[in-house]
Protein chains: 2
Amino acid sequence: MATNESVSPWDLLGDPTRRAIVERLATQALAVGELADHLPVSRPAVSQHLKVLKDAGLVSDRADGTRRVYRLNPAGVSALRDQLDTFWQRALSGYQDVVEDDTTTQEDS
Amino acid sequence: MATNESVSPWDLLGDPTRRAIVERLATQALAVGELADHLPVSRPAVSQHLKVLKDAGLVSDRADGTRRVYRLNPAGVSALRDQLDTFWQRALSGYQDVVEDDTTTQEDS
DNA sequence: CGACTCCGTAAGTCGTAACTTACGGTTCGT
DNA sequence: ACGAACCGTAAGTTACGACTTACGGAGTCG
């Protein structure tokens, strides 16, 4: 059920609020209310975004009392990035890829 | 003026039609009508998408008789990819980047 | 010049994603 | 057991992007 591929990664990260949530969860696991406190939208809005992210397998949740703590799902993040990379390869194959030739990468990984 | 940064890369590539255009232009330079012939939308729709892509510096156009030939702009593509990479670094710094090697240490619901 | 091709823009319609408020369920503390 | 804290979902509103048709401009060829 995790890492659902039926949703385009562009749809997932297309929303700024959702990107902010992902960035925040990358720093630390947080409850819904804690996320909403630092976002310009209401708490239910955050819940709805989290549902989308969870359905896509990008985040996982864990009960902690009355709170629900969300964290990033490494496998989902990995799958997401793979999909984006796939686009780039499809888009730029047969085309001079001048991005990687830029050699501004500070470190290989 | 090229490589306008005021538009989010997610907004640019968020639309499937726009992604198809980019992928197609990566293969070869094409006129508006030629692009529209292989897309499920009308020619003006393609024109509007090309305007967005051009304003963002992703494509450049060249007059050829009555036709307008569009091609990808390498600098724009490079800049776009940099912006996306920036997001990933911001999102995943301080977080174990498991893209290259992950494990499904996951619990759901 | 006149007809034809190719294209960009204007104007308007429409679907949908994102948001709000309202409500009910679950859990914990006293 | 009662109230408070925390959350998910339903219902409804709204803003906006993508699309269409209609039109006019620019270029080409006879």
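Quick note on labels: first sequence line is chain A, next is B, and so on, each numbered from 1.
One atom, CG of A/Asp11, and another, P of D/dA18, lie 11 Å apart when rounded to the nearest Å. Atom pair B/Leu39:CG and D/dT20:P shows a separation of 11 Å (rounding to whole Å applied). Taking atom CG of residue A/Asp61 and atom C1' of nucleotide D/dG8, one finds them 11 Å apart after rounding to whole Å. For the pair A/Asp55 CG and D/dT9 C1', the computed distance is 13 Å after rounding to whole Å. Here the C1' atom of nucleotide C/dT9 and the CG atom of B/Leu50 are 14 Å apart, to the nearest Å. If you take CZ of B/Arg68 and C1' of D/dT28, they are 16 Å apart, rounded to a whole angstrom. If you measure from atom CD1 of B/Ile21 to atom P of C/dC7, you get 13 Å, rounded to the nearest angstrom. As rounded to whole Å, 16 Å separates atom C1' of C/dC6 from atom CZ of B/Arg62.
Closest non-hydrogen pair, A/Leu30 versus A/Leu25, comes out as N-CD2, 3.8 Å. Smallest separation of non-hydrogen atoms from A/Ser8 and B/Arg19: OG-NH2, 4.0 Å. Across every non-hydrogen atom of B/Val69 and B/Ala29, the tightest pair is CG1-CB, 3.8 Å.
When heavy atoms are screened at a 4.0 angstrom cut-off, A/Ala31 is found touching the sugar-phosphate backbone but no base atom. B/Asp15 comes within contact range of the sugar-phosphate backbone alone, with a heavy-atom separation under 4.0 Å but no base atom that close.
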Nucleotide N/O of nucleotides 12-16 of chain D paired with protein N/O under 3.5 Å:
none

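Residue whose closest nucleotide on DNA chain C sits further toward the 5' end, between B/Glu34 and A/Gly14: B/Glu34.
We find that A/Lys51 and A/Asp55 are joined by a salt bridge, their nearest charged nitrogen and carboxylate oxygen being less than 4.0 Å apart. Salt bridge B/Arg24/B/Glu34: absent, no basic N to carboxylate O contact under 4.0 Å.
Contact check, A/His49 against C/dA17: no side-chain N or O comes under 4.0 Å of OP1 or OP2. Of the side-chain N and O atoms in A/Ser47, none sit less than 4.0 angstrom from OP1 or OP2 of D/dT9. For the OP1/OP2 pair of C/dC6 and a distance below 4.0 Å, the side-chain nitrogens and oxygens of B/Tyr70 include no atom meeting the criterion. Side-chain N/O atoms of B/Arg18 include one lying less than 4.0 angstrom from OP1 or OP2 on D/dA18.
Checked against side chain to side chain donor-acceptor pair (under 3.5 Å), B/Gln48 has no partners two or more places apart in sequence or in another chain. In this view, B/Arg18 and B/His49 satisfy the side chain to side chain donor-acceptor pair (under 3.5 Å) rule, not counting sequence neighbours. Partners of A/Gln28 under the side chain to side chain donor-acceptor pair (under 3.5 Å) rule, at least two apart in sequence or in another chain, do not exist in this structure. Every salt bridge (charged side-chain N to carboxylate O under 4.0 Å, His left out) that B/Arg68 has, sequence neighbours left out, goes to B/Asp61.
Between the side chain of B/Asn73 and the backbone N or O of B/Leu58, no donor-acceptor pair lies under 3.5 Å.
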- Item | Per-nucleotide protein contact string for nucleotides 20-27 of chain C (B base, S sugar-phosphate only, - none; heavy atom under 4.0 Å) | BBB----B

